[in-house]
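Basis for what follows: all heavy atoms, side chains included, without hydrogens, waters or symmetry-related copies. Since this is a predicted model, take the numbers as computed values, not measurements.
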Amino acid sequence: MAEIRFYHLTARTFEQTLPVLLDRTLQRGWKAVVCVGSEERVESLAGHLWTYSKEGFLPHGTKRDGFAEEQPVWISDRVENPNGAQVLFLGDGADSDGDGAFATVCDLFDGNDPDAVQAARGRWKRFRDAGHTLVYYQQDEGGAWSEKQRVGG
């Protein structure tokens, strides 16, 4: 069973938050897959990860780039694991069944969008009922994360 982490974005956007979480993932020596809502979004996010910081970039690839197995971060519009990643990041309401292809699933949702919050609650309930370990993180005004709830495990 995967550990499912819910990140309730309130102070920072998906584009601001994801690079920080990906950087932490890579520092641990893990690989990641990022799943977003469309092919256009995949390419937009890929461009963002090359330029989001003046200090560097996050190495990554997409279907357009190829060589999935060599990419530390793979960005896709569907849940897949062609690079043998340990962590799956979900954005834009993308969903996973937590089937075990990943040790950790991170569901990032826009806390300022009532529909996104409602959808995340539905995913939380479904994962809880399936017996996954769930962790809920919320941002403070400065963008720092704090664990607010843990279920299972």
Any salt bridge (Lys or Arg N to Asp or Glu O under 4.0 Å) involving residues 45-59? Give me the pairs, sequence neighbours left out, ordered by first then second residue.
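Qualifying pairs, neighbours excluded: none.
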Inter- and intrachain pairs under salt bridge (Lys or Arg N to Asp or Glu O under 4.0 Å), touching residues 12-25, at least two apart:
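Sorted result for residues 12-25: Glu15-Arg41.
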Linking I/L/V/M/F/W/Y whenever any side-chain heavy atoms sit under 4.5 Å apart, do Val117 and Val105 land together?
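Yes, because Val117 and Val105 connect within a single hydrophobic cluster, where side-chain heavy atoms sit under 4.5 Å apart.
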Quick one: list whatever passes salt bridge (Lys or Arg N to Asp or Glu O under 4.0 Å) with [X], sequence neighbours left out.
{"X": "Glu147", "result": "Arg150"}
{"X": "Arg78", "result": "Glu80"}
{"X": "Asp97", "result": "none"}
{"X": "Arg64", "result": "Glu43"}

Which atom pair, heavy atoms only, marks the closest approach of Pro59 to Pro72?
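Shortest heavy-atom separation between Pro59 and Pro72 comes out as O-CG, 3.5 Å.
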For Thr62 against Ala46, the heavy-atom pair lying closest together:
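Residues Thr62 and Ala46, closest heavy atoms: CG2-CB, 3.8 Å.
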[X] side, atom [atom1]; [Y] side, atom [atom2] - distance, nearest 0.5 Å:
{"X": "Asp65", "Y": "Phe67", "atom1": "CG", "atom2": "CZ", "result": "9.5 Å"}
{"X": "Leu134", "Y": "Met1", "atom1": "CG", "atom2": "CE", "result": "10.5 Å"}
{"X": "Leu88", "Y": "Cys106", "atom1": "CG", "atom2": "SG", "result": "8.0 Å"}

Quick check on Glu39: does its CD atom have over 12 non-hydrogen neighbours (other residues, nucleotides or ligands) under 6.0 Å away?
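No, because the 6.0 Å sphere around CD of Glu39 holds 12 heavy atoms or fewer from other groups.
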Would you say His132's side chain and Ala2's backbone share a donor-acceptor pair under 3.5 angstrom?
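Yes, His132 side chain to Ala2 backbone: donor-acceptor pair under 3.5 Å.
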Sub-3.5 Å donor-acceptor pair from the side chain of Gln149 to the main-chain atoms of Tyr136, do we have one?
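Not a single qualifying donor-acceptor pair exists.
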Apart from Trp50 itself, which Ile, Leu, Val, Met, Phe, Trp or Tyr residues share its cluster (side-chain heavy atoms under 4.5 Å, direct or through members)?
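Phe57, all in the cluster of Trp50.
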Among Ile, Leu, Val, Met, Phe, Trp and Tyr joined by side-chain contacts under 4.5 Å, find the other residues sharing a cluster with Leu22 and list them by chain and number.
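Tyr7, Leu9, Phe14, Leu18, Leu21, Leu26, Trp30, Val34, Val36, Val42, Leu45, Leu49, Tyr52, Leu58, Val73, Ile75, Val87, Phe89, Leu108, Val135, Tyr137, Trp145, which link up through side-chain heavy atoms under 4.5 Å apart, make up the rest of the cluster.
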Residues that Thr10 engages under side-chain hydrogen bond (donor to acceptor under 3.5 Å, both in side chains), provided they are two or more places apart:
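Not a single residue meets the side-chain hydrogen bond (donor to acceptor under 3.5 Å, both in side chains) criterion with Thr10.
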Can you name the residues that form a side-chain hydrogen bond (donor to acceptor under 3.5 Å, both in side chains) with Lys148, not counting sequence neighbours?
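Lys148 satisfies side-chain hydrogen bond (donor to acceptor under 3.5 Å, both in side chains) with no other residue.
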I need the full list of side chain to side chain donor-acceptor pair (under 3.5 Å) pairs touching residues 108-124, with sequence neighbours left out, sorted by first then second residue.
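Residue pairs with at least one partner in residues 108-124: Asp107-Arg123.
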I'd like to check the side-chain contact (heavy atoms from CB on, under 4.5 Å) partners of Asn83; sequence neighbours left out, ordered by chain and number.
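side-chain contact (heavy atoms from CB on, under 4.5 Å) list for Asn83, sorted by chain: Lys31, Val33, Trp74, Asn81, Ala85.
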